Amino acid sequence: MLSWFRNGGCSNSDAPHRQKLTTMWRGLGAFALLCSVGVVVRAQDVPPGIIARFDVTQRLEYSDNPGLDEDGDSDFFGRTILDFGLESVTSIQRLSLNLGTDIEEFRDDNDQDFDFDNSFANLNYSRQTRDAFARGELRYRETNTDSDFFDDDDIDQDASIINNDEGTRVSYGFTLGGGIGQDAPIGASFDWFYNEINYEDTDDPDLNDSTLSDLSGQVDFVITPRVTTSLTGIYNDFDTDDPDGTDRETKGLGGAASFLVSDILTANVGLRYDRIERTGGTDRTDEGVSGDLGLTRALPNGSVGVNYSSDVFANDDGRRSFFSVNRDMDLPRGALFFSLGVTGADAVGSDPLIDANYRHDLPTGQLNFGLSQRVNVDDDDEENISSSLRASYDQQINSLSSYGINFSFFNRNELGDDGNDGQRYDLGLTYRYDLTRDWGLVSGITHTFSTEDDEDDRRRTTVFVGLQRSFNWNP
């Protein structure tokens, strides 16, 4: 449903001159995968070679409302969870494959005794040399619309995803990126993100198929060791199957410059002429100059920066402004990034934007926290601010047992007078006990609460217990 978004709190570029001057952050999507799937260990911890892992979990579940319906019935059923991960690493390239699915057994409201849910596939490849890089991703995911199995890319494209009726959501797409001349006088880079969301077996009028294609590129020219200029271009195309919805096409071409004022201070400036054409529910064209200005100061343990931008935007005013102050720091046992900002448009006023990512490593555990707020425009041309908060705590009790706590909160705040706001909370507690080297006893409880202004509240509590078997291969 969402065609265009801007993460005002995190739009600052605090890297050296070769990095893009305007960055679209998708950090919370990676954070969600690290907290939920965990099929393959973190990339920086993977030694050269091939690592494969296959996990099989068989558990019994009781849920008072497994379909997350307004008046759902309780059910007792089985679930088999299959996860497979393969990663190959060399000194210059990395290839990873992740596959998984859930098999629900003997659900009362399923037409068959066995039903597949939460199926996903991800193929990632990256290659880095001294002067060039390339990366790519193929992804596929199919899940029930009542599931919490989604990431922030889904929310960016369709913020109603947090409050869905019955049905199946299929999401698939790819990401491509590359660059050459990283250490040369002339260099170039590009990023292409493509994603489709399709809905099946649903009559919810708010669930409409959509396609998003987002392409950006730039050519860099190193004028002096302290000055780099760039030619920049963007293309964004959003199409919706909503008969009353609005399709959007965005084109932009401009220039940017990065100045190394001193050894610790960098200034960035950019100007781009943008044109946004809307057709369908709204027929309108907005065009003009988008500009941004930023300062970044390096510190002994990170950096601090300030950014301001005024962008052509697909709203009633045709423009939106962003201002933010951000801090990135390394901590003795982790890392912290936060950004405090404000965004405004004449028609709806100003709103705060906050972004934060925090990791704290403990002797026998880890704490993770992530918060992201983004400005979106849905296919009805209504602006909203989507907030995503995720937190997790994992603790090793002893050599045989461990537990984990996960919490996520999603909020859709529509800025118009007749906005349909929505929220969703997910809380989970899991416990694992290693029976042998490869076998483990797993148990836990989860609770989900979903609410929106135009619908009744929905709740679900699920208790489960089961066995997990892990197969690892590292030749």
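In this text the structure is predicted, and so the values were computed from the model without any measurement.
Side-chain contact annotation: Asn384 with Ser386, donor-acceptor N/O pair under 3.5 Å present. Between the side chains of Thr451 and Arg458, no donor N or O sits under 3.5 Å from an acceptor N or O. Inspection of the Gln366 and Asn368 side chains reveals an N or O donor paired with an N or O acceptor under 3.5 Å. Checking Glu137 against Asn122 by side-chain atom types alone, a donor-acceptor pair falls below 3.5 Å. Between the side chains of Thr57 and Gln468, at least one donor-acceptor pair of N or O atoms lies under 3.5 Å. Under the 3.5 Å distance criterion, with hydrogens and angles disregarded, no donor-acceptor pair is assigned to the side chains of Glu142 and Ser119. Arg139 and Thr175 form a side-chain donor-acceptor contact under 3.5 Å, judged by distance and modelled atom types alone. Looking at Tyr403 and Gln395, their side chains never bring a donor and an acceptor atom within 3.5 Å of each other. Residues Ser213 and Trp192 bring a donor and an acceptor atom of their side chains to less than 3.5 Å of each other. Glu105 and Thr80 are linked by a side-chain donor-acceptor pair at a separation below 3.5 angstrom, with hydrogens and angles left out of the test.
Taken to the nearest 0.5 Å, the OG1 atom of Thr246 stands 7.5 Å off from the CZ atom of Arg278. Here the CG-CZ distance, from Asp456 to Arg459, works out to 10.5 Å after rounding to the nearest 0.5 Å. Atom CG of Asn406 is separated from atom OG1 of Thr430 by 6.5 Å, given to the nearest 0.5 angstrom. Taking CG of Asn124 as the reference point, atom CG of Asn98 lies at 7.5 Å (rounded to 0.5 Å).
Aromatic pair Tyr194/Phe174: ring centres closer than 6.0 Å. Here Phe106 and Phe114 bring their ring centres to under 6.0 angstrom of each other.
Considering only heavy atoms from C-beta on, Glu87 comes within 4.5 Å of Arg94 through its side chain. Residues Arg248 and Asp237 have side chains not in contact (no heavy-atom distance under 4.5 Å, counting atoms from C-beta outward). The side-chain heavy atoms of Phe322 and Asn307, taken from C-beta on, include no pair separated by under 4.5 Å. Side chains of Gln423 and Arg412 form no contact here, defined as non-hydrogen atoms less than 4.5 Å apart. A heavy-atom distance below 4.5 Å is found between the side chains of Tyr358 and Leu331. Counting only heavy atoms from C-beta outward, the side chains of Leu415 and Asp351 approach each other to under 4.5 Å. Residues Thr448 and Arg424 have side chains in contact (heavy-atom distance under 4.5 Å, counting atoms from C-beta outward). Side-chain contact between Glu383 and Val375 is present, with heavy atoms from C-beta onward closer than 4.5 Å.
For the pair Arg141 and Phe120, the cation-pi criterion (under 6.0 Å, within 45° of the ring axis) is not fulfilled. Because its NZ or CZ atom is both nearer than 6.0 Å to the ring centre of Phe77 and within 45° of the ring axis, Arg107 counts as a cation-pi partner of that residue.
Checking each of Val170, Asp242, Asp241, Asp239 against Asp209 for a side-chain contact (heavy atoms from CB on, under 4.5 Å) leaves exactly one that passes, namely Asp241.
Nearest heavy-atom pair across Thr296 and Ser303 is CG2-CB, 4.2 Å.
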Practice prompt. Take Asp102 and Arg79 through the salt bridge (charged side-chain N to carboxylate O under 4.0 Å, His left out) test and state the conclusion after the steps.
Written response: CA-CA 7 Å; Asp102 290 7; Arg79 182 185 298 271; 3.1 Å; yes

